[in-house]
Each structure stands twice: as structure tokens, then as C-alpha cells.
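Following: one structure in C-alpha cells, then a few remarks.
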Amino acid sequence: MSKKVRVLVVDDNEMFCHNLKDVLDLKNYETKCVNDGSKALDTVSKESIDLVIMDIKMPKMNGVEAFKRIKGISPDLPVIMVTAHAVEDLIQESLHSGAFGVLPKPLDFDKLFPMMEKAVSDETSIFIVDDDEYLCKSMKNVLEEKDYRVCFALDSTTAISRSREFKFDILLLDMKLTPLN
């Protein structure tokens, strides 16, 4: 990375915040931590932030409410939601409201870092869902030559899982895909 990406970590668990900040700083991100939604809103309104990583379940103002208010301040600011709780309704609400992605705690850094890179990238992302592996790989190769980010899934279960983890700009979906059982 040539320019340091400015990341705001929002979590009421101070130890989680500081540990994630240490990891992100080692990866050359410029990281700031706050411990509630109100402080996140204040930070986003006063500082230049490139990406927010926010806990869904926090006291006073939950992460989804803070996220919606952040979108009012900075509509294009990508927000990755994280959670240690099975709060499916809040997860779905955050995704439907435009969260870039949702990850469970403890964080899997092999998923977090690619999601962060994609969130701050200007490249268009395409998700291909088709049970024909040869077709998927061929389309992926052609589209990547045109500077698109491409991911594919060969079945419905994988497609649903990946679509919960990542936000894609374009979906190419096989209309005759084998349905879920």
C-alpha cells in the first residue's frame, strides 16, 4: 500500500479494539479505536476515515444503528460489521442497509484482510454462480484481464456463504442452478 488506509475500529471491548489496532498497525494501516457508536459518529464527522470495522452488539447504540447514522454522514464509507453473538436479525439488517460485509468473532484474518482490501479498492467486483466449473474459470480469467475482481461459486450453499461475507458489485447467476435442499 502506498498511502496508509485510515481504519476506525468501533467496539465496546477495549481489549479487542487494542489487539485489532496492533495487528492492523503491523499491516501498515493507520488505525484509531473508539468504544461506542456516538464516538464513531463524532470521529467520522470530524476526521478522514477510509474504512470502519464495527461491532454489531454494543450498549447504548448498537452497531447497526451507528452504521446507519454513519451512512448519513458519509454514504460511501465502507463498513465491515463484526460480531461474537448470533444476532441474525441485526446481521441481516446491517447487510440490507449496505454494510460491506459481516464477520464473526474471533476474527479470521485470512477473511478480514481480503475483505478490507476489497472495501477500499476502486475495482469492480463480480460474483459468478454457476455449476459449470470450466465456464466459471474461463469467465474469471477473461474478466480479470479487464481488471475486475472475480470470485465464483459452483453451488448454492457456497454462493450464499460468500455473499454473506463479501459485497459484490455484479452477480452473474446461472438461472438453472441446482436448488438448495
inquiry  = Are Phe100 and Val150 connected into the same hydrophobic cluster when the rule is that any two of I, L, V, M, F, W, Y join if their side-chain heavy atoms are below 4.5 Å apart?
reply    = no
query = Do Val120 and Leu103 belong together in a cluster built from hydrophobic side chains that touch within less than 4.5 Å?
reply = yes
note = Contacts of Cys136 meeting side-chain contact (heavy atoms from CB on, under 4.5 Å) (sequence neighbours excluded), chain-then-number -> Ile128, Asp130, Phe152, Leu154
Residues which pass ring-ring contact (aromatic ring centres under 6.0 Å, His included) with Tyr148, listed by chain and number, not counting sequence neighbours = none
inquiry  = I need the Cys151 SG to Ile126 CD1 distance, nearest 0.5 Å.
reply    = 11.5 Å
Under 3.5 Å, which donor-acceptor pairs link side chains of residues 59-69 to any protein atom two or more places apart or in another chain?
from: Asn62; atom 1: OD1; to: Val64; atom 2: N; distance (Å): 2.9
from: Asn62; atom 1: OD1; to: Glu65; atom 2: N; distance (Å): 2.8
from: Glu65; atom 1: OE2; to: Arg69; atom 2: NE; distance (Å): 3.0
from: Lys68; atom 1: NZ; to: Glu93; atom 2: OE2; distance (Å): 2.4

message = Taking Leu135 as the starting point, is it possible to reach Leu143 by hopping between hydrophobic residues whose side chains are less than 4.5 Å apart?
response = yes
remark   = Note: Leu177 and Asp155 closest approach over all heavy atoms is CD2-C, 4.5 Å
task = For Lys105, check side-chain contact (heavy atoms from CB on, under 4.5 Å) against everything at least two apart and list the hits.
result = Asp11, Phe16, Asp55, Val82, Ala84
ask   = Has Lys140 got more than 12 heavy atoms of other residues, nucleotides or ligands less than 6.0 Å from its NZ?
value = yes
task = With sequence neighbours excluded, tell me which residues meet side chain to side chain donor-acceptor pair (under 3.5 Å) with Arg6.
result = Ser48, Asp50
query = Would a distance-only check, ignoring hydrogens and angles, find a side-chain to backbone donor-acceptor pair under 3.5 Å from Ser45 to Asp42?
reply = yes
inquiry  = Please tell me whether Met115 and Phe109 are part of a single hydrophobic cluster in this structure, the criterion being side-chain heavy atoms less than 4.5 Å apart.
reply    = yes
key: Selection residues 14-24 - residue pairs positive for side chain to side chain donor-acceptor pair (under 3.5 Å), sequence neighbours left out   = Lys21-Asp25
query = Is there a path of hydrophobic side-chain contacts, each under 4.5 Å between heavy atoms of I, L, V, M, F, W or Y residues, that connects Val23 with Leu51?
reply = yes
Test applied, side-chain contact (heavy atoms from CB on, under 4.5 Å); reference residue, Val10; option that passes from Met58, Lys39, Lys32 = Met58
key: Atom of Val9, atom of Cys17 and distance for their closest heavy-atom approach   = CG1-SG, 3.8 Å
